[in-house]
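Below is one structure, written out as structure tokens; comments come after it.
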Amino acid sequence: MVALRFAKAFRRHVDCPDANVTGSTVGEVFETYFADRPDVRSYVLDPSGAVRKHVAVFRNNDQIVDRVGLTDSVADGDRVDVFQALSGG
């Protein structure tokens with residue numbers, strides 16, 4: 001199982017409790033989660049399925065590389081964290 005965690009800022013907009021889900025890539029982890037919570041998808045991914053511009057996704061404290069195909073691999077015991085990215089200056 002992979003631990004999928006959402007920053008508190010997301011919870012202001014959509015019900016997205018942390019969960020343990022299956023998958024061998026970040027994309028599969030998201031698809032497993034979104035199957036039960038489809039409303040969360042549009043807050044994390046854009047209409048093309050890529051990570052939204054102002055969202056940051058980390059696997060075990062390292063930012064994912066593939067924000068479009070979501071092919072970064074994950075393994076049992078890994079953690080995927082989803083944050084609203086800060087922008088501006």
Side-chain angles (χ1 to χ4, degrees):
M1 297 296 260
V2 175
L4 180 59
R5 302 187 324 188
F6 291 87
K8 288 181 183 179
F10 270 89
R11 294 192 178 112
R12 286 185 286 157
H13 305 288
V14 66
D15 182 28
C16 54
D18 298 342
N20 292 318
V21 296
T22 59
S24 61
T25 66
V26 170
E28 289 176 5
V29 165
F30 282 156
E31 288 308 314
T32 301
Y33 186 84
F34 297 153
D36 291 331
R37 299 188 176 284
D39 293 347
V40 180
R41 177 187 297 274
S42 65
Y43 285 90
V44 177
L45 305 179
D46 67 19
S48 71
V51 176
R52 288 194 172 276
K53 181 179 179 181
H54 295 291
V55 172
V57 179
F58 291 82
R59 181 188 57 87
N60 298 334
N61 299 321
D62 293 319
Q63 194 162 8
I64 65 168
V65 176
D66 185 3
R67 294 177 55 88
V68 176
L70 305 172
T71 59
D72 292 66
S73 64
V74 295
D76 282 347
D78 281 354
R79 188 180 74 240
V80 173
D81 295 297
V82 182
F83 298 94
Q84 285 183 311
L86 299 177
S87 62

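Keep in mind it's a predicted model, so treat the numbers as computed, not measured. Just the heavy atoms: all of them, side chains too, but no hydrogens, waters or symmetry mates, feed the values below.
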ask   = Going by heavy atoms in the side chains, are N61 and R79 under 4.5 Å from each other?
value =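 In contact.
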ask   = V40 versus F10: any side-chain heavy-atom pair under 4.5 Å?
value =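 They are not in side-chain contact.
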For a quick test of reading the model, state the closest non-hydrogen atom pair linking [X] to [Y] and the distance between them.
{"X": "Q63", "Y": "A56", "value": "NE2-CB, 4.1 Å"}
{"X": "D39", "Y": "S42", "value": "O-OG, 3.6 Å"}
{"X": "T22", "Y": "T32", "value": "O-OG1, 3.1 Å"}

query = Hey, any chance V80 and V68 share a hydrophobic cluster, counting ILVMFWY side chains that come within less than 4.5 Å of each other, even indirectly?
reply =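 V80 and V68: separate clusters.
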inquiry  = Please tell me whether V26 and F83 are part of a single hydrophobic cluster in this structure, the criterion being side-chain heavy atoms less than 4.5 Å apart.
reply    =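 Cluster IDs for V26 and F83 differ.
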ask   = Which residue pairs pass the ring pair (Phe, Tyr, Trp, His ring centres under 6.0 Å) test when at least one of the two sits in residues 14-33, sequence neighbours left out?
value =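 Ring pair (Phe, Tyr, Trp, His ring centres under 6.0 Å) check on residues 14-33 returns F6-Y33, F30-F34.
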[X] (side chain) donor-acceptor with [Y] (main chain) under 3.5 angstrom:
{"X": "R59", "Y": "V65", "answer": "no"}
{"X": "R67", "Y": "V55", "answer": "yes"}
{"X": "R52", "Y": "L45", "answer": "yes"}
{"X": "D81", "Y": "F58", "answer": "no"}

request  = Show the numbers, then the answer: is there a side-chain contact (heavy atoms from CB on, under 4.5 Å) between V51 and I64?
outcome  = CA-CA 10 Å; V51 176; I64 65 168; 4.2 Å; yes
Could you measure the distance from the [atom1] atom of [X] to the [atom2] atom of [Y]? Nearest 0.5 Å is fine.
{"X": "D72", "Y": "N60", "atom1": "CG", "atom2": "CG", "value": "11.0 Å"}
{"X": "Q84", "Y": "H13", "atom1": "CD", "atom2": "NE2", "value": "4.5 Å"}
{"X": "D36", "Y": "E31", "atom1": "CG", "atom2": "CD", "value": "11.5 Å"}

task = Quick one: name the residues clustered hydrophobically with M1, using the 4.5 Å side-chain heavy-atom rule over I, L, V, M, F, W, Y, and just say none if it's on its own.
result =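 Listed partners: none, M1 stands alone.
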key: Under the ring-ring contact (aromatic ring centres under 6.0 Å, His included) test, residues paired with Y43 that sit two or more places apart   =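 Partners of Y43 by the ring-ring contact (aromatic ring centres under 6.0 Å, His included) criterion come out as none, since no residue qualifies.
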